[in-house]
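In what follows, a single structure is set out as structure tokens and then discussed.
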Amino acid sequence: MPTNRTMRPATPADAPALAVLDARAFQSGSEVWSVRAFAESLSRPETVCLLVTEKMIPTAYVLACRCDCLYILKVAVRPDRRGTGLADALLDRLFVTSDTDACLEVRVSNHHAIALYTRMGFEPIGRRPQLYADPTEDGIIMQRRKG
């Protein structure tokens with residue numbers, strides 16, 4: 001990583017910055033998390049969140065839960081930094097820390113995210129009808145096998 005870029009575990013103290021980044025990254029109100037939602041999630045021992053900062057500015061994060069699988073809840077990159085490999089780097093680091101399969105859900109219309117996850121070794125394994133709101137849309141369930 002360039003010297004002005006750092007990747008580190010996020011803490012509950014990062015919740016305000018994560019909420020601001022989340023609002024910039026997601027246009028749909030139903031997908032944007034509040035400061036409280038981030039703080040509560042980050043206070044749980046099963047939660048893992050990696051945060052990338054550039055020149056001390058929060059730029060990207062991945063948020064996951066260690067349960068039966070490594071369940072990826074959110075991946076967000078500031079819109080002006082998309083396509084720079086930040087999401088790939090975050091997922092690579094996350095996978096190094098896990099000894100289980102990974103799973104996630106993604107909007108059927110989010111072609112960029114689906115391409116990212118496919119590139120990272122995820123495969124579609126199912127579909128959840130009307131999973132998302134604003135607009136109502138199906139979710140694709142994807143899984144990445146460990147090993």
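For clarity, every value in this text was computed on a predicted model and none was experimentally measured.
Within 6.0 Å of CD in Glu123 there are 12 or fewer heavy atoms belonging to other residues, nucleotides or ligands. Around atom CG of Asp80, more than 12 heavy atoms belonging to other residues, nucleotides or ligands sit under 6.0 Å away.
Put simply, the side chain of Arg93 does not reach to within 4.5 Å of the side chain of Leu90, judged on heavy atoms. Looking at Glu31 and Arg107, their side chains come closer than 4.5 Å, going by heavy atoms from C-beta outward. For the pair Asp14/Arg8, a side-chain contact is recorded, criterion being any heavy-atom separation below 4.5 Å from C-beta on. Side-chain contact check for Arg5 versus Leu86: some heavy-atom pair is nearer than 4.5 Å. Taking 4.5 Å as the limit, some side-chain heavy atom of Leu91 sits within range of a side-chain heavy atom of Leu116. Side-chain contact between Ile72 and Phe122 is present, with at least one heavy-atom pair separated by less than 4.5 Å. Counting only heavy atoms from C-beta outward, the side chains of Leu18 and Leu42 approach each other to under 4.5 Å. Put simply, the side chain of Thr6 does not reach to within 4.5 Å of the side chain of Met56, judged on heavy atoms.
Summarising the geometry of Ala13 relative to Pro16, their closest heavy-atom pair is O-CD, 3.5 Å, with the distance given to 0.1 Å. Residue Asp138 comes nearest to Pro129 through the heavy atom pair OD1-CA, 3.2 Å, listed as atom of the first residue, atom of the second, then distance. Closest non-hydrogen pair, Thr84 versus Arg81, comes out as OG1-O, 2.6 Å. Contact record, Ala17 with Pro58: CB-CG, 3.6 Å, taken as the closest heavy-atom pair.
Of the residues listed (Thr53, Leu51, Val62, Val52), the one engaging Met7 in a side chain to side chain contact (heavy atoms under 4.5 Å, CB included) is Val52, and it is the only one.
In the hydrophobic cluster analysis, where Ile, Leu, Val, Met, Phe, Trp and Tyr join through side-chain heavy atoms closer than 4.5 angstrom, Ile141 is grouped apart from Leu63. Cluster annotation: Phe26 is connected to Leu21 through the hydrophobic network of ILVMFWY side chains, with a link wherever side-chain heavy atoms come within less than 4.5 Å. If you chain together hydrophobic residues whose side chains sit under 4.5 Å apart, Val35 and Val32 never meet in one group.
Glu46 and Arg66 are not joined by a salt bridge, as no carboxylate oxygen comes within less than 4.0 angstrom of a charged side-chain nitrogen.
Separation of atoms CD1 (Ile125) and CD1 (Ile140) is listed at 11.5 Å; rounding is to 0.5 Å. Within the model, atoms CG of Leu73 and CD of Glu105 stand 9.0 Å from one another, a figure rounded to the nearest 0.5 Å. For the atom pair Gln130 CD and Glu137 CD, the distance stands at 11.0 Å (nearest 0.5 Å). Between atom OG1 of residue Thr100 and atom NZ of residue Lys146 there is a gap of 8.0 Å, rounded to the nearest 0.5 Å. If you take CZ on Phe95 and CG on Asp101, they are separated by 10.5 Å, rounding to the nearest 0.5 Å. The structure places CE of Met142 at 6.5 Å from CD1 of Ile114, a figure rounded to the nearest 0.5 Å.
Aromatic ring pairs are classed by plane angle as parallel below 30°, tilted from 30° to 60° and perpendicular above 60°; the pair Phe38 and Trp33 is tilted.
In this structure a side-chain-to-backbone donor-acceptor pair under 3.5 Å is present from Arg82 to Ala25.
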